[in-house]
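For reference, the structure is listed below as structure tokens.
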Amino acid sequence: NAGVTQTPKFQVLKTGQSMTLQCAQDMNHNSMYWYRQDPGMGLRLIYYSASEGTTDKGEVPNGYNVSRLNKREFSLRLESAAPSQTSVYFCASSDAGYSNQPQHFGDGTRLSIL
Amino acid sequence: DAKTTQPTSMDCAEGRAANLPCNHSTISGNEYVYWYRQIHSQGPQYIIHGLKNNETNEMASLIITEDRKSSTLILPHATLRDTAVYYCIAPGGADGLTFGKGTHLIIQP
């Protein structure tokens, strides 16, 4: 059982380049999330999707867009990367329709922007 | 999310029980308490959660006080692989988790 799979694991970009981080879950969860984690800090929510076809902003959405492609997949796009977006990005999923269900996280994408 | 307060760091000897406290005095009646841990920049790993009653699973036990204002995560026989940052979270809804700085637990050999 793979759980939450993120690709790529590592990426280096130049300022102004664009890229899409991919996330897929095989647990049939309704809700999916994107977080970022900067050195020495806790995770911060970028965007989330409570169910297929819906997306909402989290704490730090500026500079990002998301797409809930289907129930399994939730992608995060950087249209014009900036050095301030250098971070580790985590995707998570849960059956949040049931309020006591935990989130399950992927292993992260380590993104460096030069 | 209810605000949670945890010690910044703790030490525990290998093989002993590690008891990690969390204060959540503003928690509302229907908010669960969740514990996650993060081992050296890996993705956070879910440990356990509870509402009122004490809970136990294969990883840990969770003790919640009767007034629900605090809880303790217990790792019964800590190993070196339990060295991690432990997060206590009380989310109010389905719009994501608020991670504070957590407790850095160091297991000493």
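- More than 12 heavy atoms of other residues, nucleotides or ligands lie within 6.0 Å of CG in B/Asn19, so this atom counts as buried by the packing criterion.
- A/Glu79 and A/Arg77 are joined by a salt bridge, as a carboxylate oxygen and a charged side-chain nitrogen come within less than 4.0 angstrom of each other.
- Taking the six-membered ring wherever Trp is involved, the centroid distance between the rings of B/Tyr87 and B/Phe99 falls below 6.0 Å.
- Interface remark: A/Arg110 contributes side-chain atoms only to the contact with chain B (heavy atom separation under 4.5 Å).
- Heavy atoms of A/Glu59 lying under 4.5 Å from chain B are absent altogether.
- With a 4.5 angstrom heavy-atom cutoff, B/Gln45 does not touch chain A via any of its atoms.
- For a residue to count as touching a neighbouring chain, one of its non-hydrogen atoms must lie under 4.5 Å from one of that chain's; by this rule A/Leu43 touches chain B with backbone and side chain alike.
- Ring-plane geometry between A/Phe105 and A/Tyr35 is classed as tilted, the angle between the planes lying from 30 to 60 degrees on a 0 to 90 degree scale.
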